[in-house]
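To find a chain, count down the sequence lines: A is the first, B the second, and so on, and within it residues start at 1.
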There are 2 protein chains.
Amino acid sequence: MEKDLYGICPYVTAQKLLTGKWTLLIMYQLSLKKMRFNELQRALPSLTQATLTKQLRMMSDNGLIIRTVYDQIPPKVEYSLSELGERFQPVLNAIQEWGTEYIDFLKGKSS
Amino acid sequence: MEKDLYGICPYVTAQKLLTGKWTLLIMYQLSLKKMRFNELQRALPSLTQATLTKQLRMMSDNGLIIRTVYDQIPPKVEYSLSELGERFQPVLNAIQEWGTEYIDFLKGKSS
DNA sequence: CAGGATCCTTCGTGATACTG
DNA sequence: CAGTATCACGAAGGATCCTG
């Protein structure tokens with residue numbers, strides 16, 4: 001089973017963590033700045049509250065992001081990248097670049 | 001819908017393409033050398049034929065890899081990275097590095 | 001504002017059997 | 001050797017309603 005390779009093979013491990021359909025997008029948003037729950041929702045309009053909540057919890061459990069709760073009324077919760085999340089930046093950059101190239105490729109195809 | 005961003009946002013686009021549970025692994029394998037169907041299967045033991053076939057077809061359709069059929073008996077089919085696939089290398093490298101760091105993080109946690 | 005709790009559907013993944 | 005064809009399942013994702 002590939003599960004055995006989680007925590008062993010870098011690729012299997014990374015894939016597991018990035019599995020979420022939105023993980024990459026959230027990582028990107030948070031790499032720009034720390035954000036509150038509603039800010040994220042506005043940045044990712046096609047994502048429902050429930051899903052966003054689950055994703056954030058997963059990412060928090062995995063140590064990718066940090067959840068900071070300010071004990072006040074109205075409630076305020078901020079999400080930011082953890083140390084590990086920050087180190088993810090190179091991947092983000094590489095993906096952005098490659099994604100852009102891929103989009104160009106798509107355009108060339110359709111025209 | 002986020003579908004609208006496919007072909008527009010690099011991250012959405014990349015995430016779609018890397019969605020498959022095995023895409024990253026296959027990309028890595030093929031980045032080492034072109035491989036035949038059975039070679040890939042041996043390299044990824046926990047992956048069934050059916051699934052591998054589907055993944056390869058998807059990746060081929062997406063232009064990530066190239067499928068070369070040698071018309072002979074017994075059949076021989078080789079898979080290799082396309083131009084676009086080659087350009088994916090930086091992402092692969094970044095992921096490998098980050099994945100390794102993450103594994104270290106996991107170890108530190110459990111101990 | 002930032003969720004929690006449910007319910008439901010879709011899609012990816014896998015098992016198995018068969019083929020040129 | 002390199003697939004194709006079916007069937008089935010589980011989990012991720014989403015819709016909706018409710019709360020401190």
Side-chain angles (χ1 to χ4, degrees), chain A residues 1-6 11-12 14-27 29-30 34-62 64-80, chain B residues 1-6 11-12 14-27 29-30 34-62 64-80:
Chain A
M1 307 289 282
E2 81 286 350
K3 273 233 172 187
D4 301 332
L5 292 177
Y6 176 80
Y11 294 104
V12 173
Q15 176 119 28
K16 286 261 183 212
L17 296 172
L18 304 181
T19 270
K21 197 167 161 186
W22 303 98
T23 319
L24 224 46
L25 281 303
I26 296 175
M27 289 298 282
Q29 293 295 333
L30 292 183
K34 64 169 59 171
M35 294 175 84
R36 302 182 57 174
F37 189 89
N38 273 11
E39 272 187 289
L40 275 169
Q41 239 200 300
R42 259 175 274 122
L44 282 3
S46 54
L47 175 54
T48 63
Q49 289 170 339
T51 304
L52 179 55
T53 301
K54 288 176 201 166
Q55 294 282 332
L56 288 172
R57 179 203 285 268
M58 268 186 43
M59 294 171 71
S60 174
D61 288 349
N62 289 335
L64 293 178
I65 62 175
I66 300 206
R67 199 184 116 116
T68 310
V69 182
Y70 297 86
D71 197 7
Q72 60 181 48
I73 306 287
K76 176 178 173 184
V77 181
E78 273 186 346
Y79 295 90
S80 56
Chain B
M1 308 285 282
E2 82 285 348
K3 274 234 172 187
D4 302 332
L5 292 177
Y6 176 80
Y11 295 104
V12 173
Q15 176 119 28
K16 287 259 183 216
L17 296 172
L18 303 181
T19 270
K21 196 168 162 186
W22 304 98
T23 318
L24 223 46
L25 282 303
I26 296 175
M27 289 297 282
Q29 292 295 332
L30 292 183
K34 63 169 60 171
M35 295 175 84
R36 300 183 57 176
F37 188 88
N38 273 11
E39 270 187 290
L40 274 169
Q41 238 200 300
R42 260 175 272 121
L44 281 3
S46 54
L47 175 56
T48 62
Q49 289 171 338
T51 305
L52 179 55
T53 301
K54 287 175 201 166
Q55 293 282 333
L56 288 172
R57 180 201 283 271
M58 266 187 43
M59 294 169 71
S60 174
D61 288 350
N62 289 335
L64 293 178
I65 62 175
I66 301 210
R67 199 183 115 114
T68 311
V69 182
Y70 298 86
D71 197 7
Q72 59 179 49
I73 305 288
K76 177 177 171 183
V77 181
E78 273 186 345
Y79 295 91
S80 57

Any heavy-atom pair between the side chains of B/Leu52 and B/Leu40 that's under 4.5 Å?
yes
What residue pairs, at least two apart or across chains, pass salt bridge (Lys or Arg N to Asp or Glu O under 4.0 Å) with a residue in residues 37-50 of chain A?
A/Lys33-A/Glu39
Sorted by chain and number, sequence neighbours left out, side-chain hydrogen bond (donor to acceptor under 3.5 Å, both in side chains) with A/Arg57 holds for none
Think A/Tyr79 has a side-chain N or O under 4.0 angstrom from the OP1 or OP2 of C/dC1?
no
In degrees rounded to 10°, what angle is found between the helical axes fit to the five outermost pairs at each end of the helix from C/dC1-D/dG20 to C/dG20-D/dC1?
60°
Rounded to whole Å, CG of B/Asp71 lies from P of D/dC1 at a distance of 18 Å
Tell me every residue that passes salt bridge (charged side-chain N to carboxylate O under 4.0 Å, His left out) with A/Lys34, counting only those two or more places apart in sequence or in another chain.
A/Glu78
Does a side-chain heavy-atom distance below 4.5 Å link B/Leu17 with B/Thr23?
no
Protein N or O to nucleotides 7-13 of chain C N or O, pairs below 3.5 Å:
unit_1 : atom_1 : unit_2  : atom_2 : d
C/dT13 : OP1    : B/Lys21 : N      : 2.5
C/dT13 : OP2    : B/Gln55 : NE2    : 2.9

Rounded to whole Å, please give me the gap between CE in A/Met59 and P in C/dG3.
14 Å
Between B/Pro74 and B/Ala50, the residue closer to the 5' end of DNA chain D by nearest nucleotide is B/Pro74
What integer distance in Å separates A/Ile26:CD1 from D/dA12:P?
15 Å
Selected nucleotide, minimal atom distance to B/Pro75 side chain, candidates C/dG4, C/dC1, D/dA2:
D/dA2
Starting at the 5' end of DNA chain D and moving along, which residue's nearest nucleotide shows up first, B/Glu78 or A/Gln49?
B/Glu78
Who passes salt bridge (charged side-chain N to carboxylate O under 4.0 Å, His left out) against A/Lys54, sequence neighbours left out?
none
Going by side-chain hydrogen bond (donor to acceptor under 3.5 Å, both in side chains), name the residues that satisfy it together with A/Thr51, two or more places apart in sequence or in a different chain.
A/Thr48
Counting only side-chain N and O atoms of B/Arg57, is one of them less than 4.0 Å from OP1 or OP2 of D/dT4?
yes
Of the options D/dC1, C/dA2, C/dA15, whose atoms approach the side-chain atoms of B/Thr48 most closely?
C/dA15
For A/Leu56 and C/dG4, give me the distance from atom CG to atom C1', rounded to whole Å.
14 Å
In whole angstrom, give the distance that lies between atom CD of B/Gln72 and atom C1' of D/dC1.
10 Å
Find the distance B/Leu52:CG to C/dG14:C1' and express it as a whole number of Å.
13 Å
A/Ile73 has an atom CD1; how far is it from atom P of C/dC1, in whole Å?
13 Å
Among all residues two or more places apart in sequence or in another chain, which pass the side-chain hydrogen bond (donor to acceptor under 3.5 Å, both in side chains) test with B/Gln49?
none
Partner residues of B/Ser60 under the side-chain contact (heavy atoms from CB on, under 4.5 Å) criterion, sequence neighbours left out:
B/Ile65, B/Arg67
With B/Gln41, which residues qualify under side-chain hydrogen bond (donor to acceptor under 3.5 Å, both in side chains), at least two apart?
none
In residues 34-42 of chain A, which residues come under 4.0 Å of DNA chain C by heavy atom?
A/Arg36, A/Phe37, A/Asn38
Just how far, in rounded Å, is P of D/dA2 from CG of B/Leu47?
15 Å
According to ring-ring contact (aromatic ring centres under 6.0 Å, His included), who are the partners of B/Tyr79, at least two apart in sequence or on a separate chain?
none
Heavy-atom side-chain contact between A/Phe37 and A/Thr53 under 4.5 Å
yes
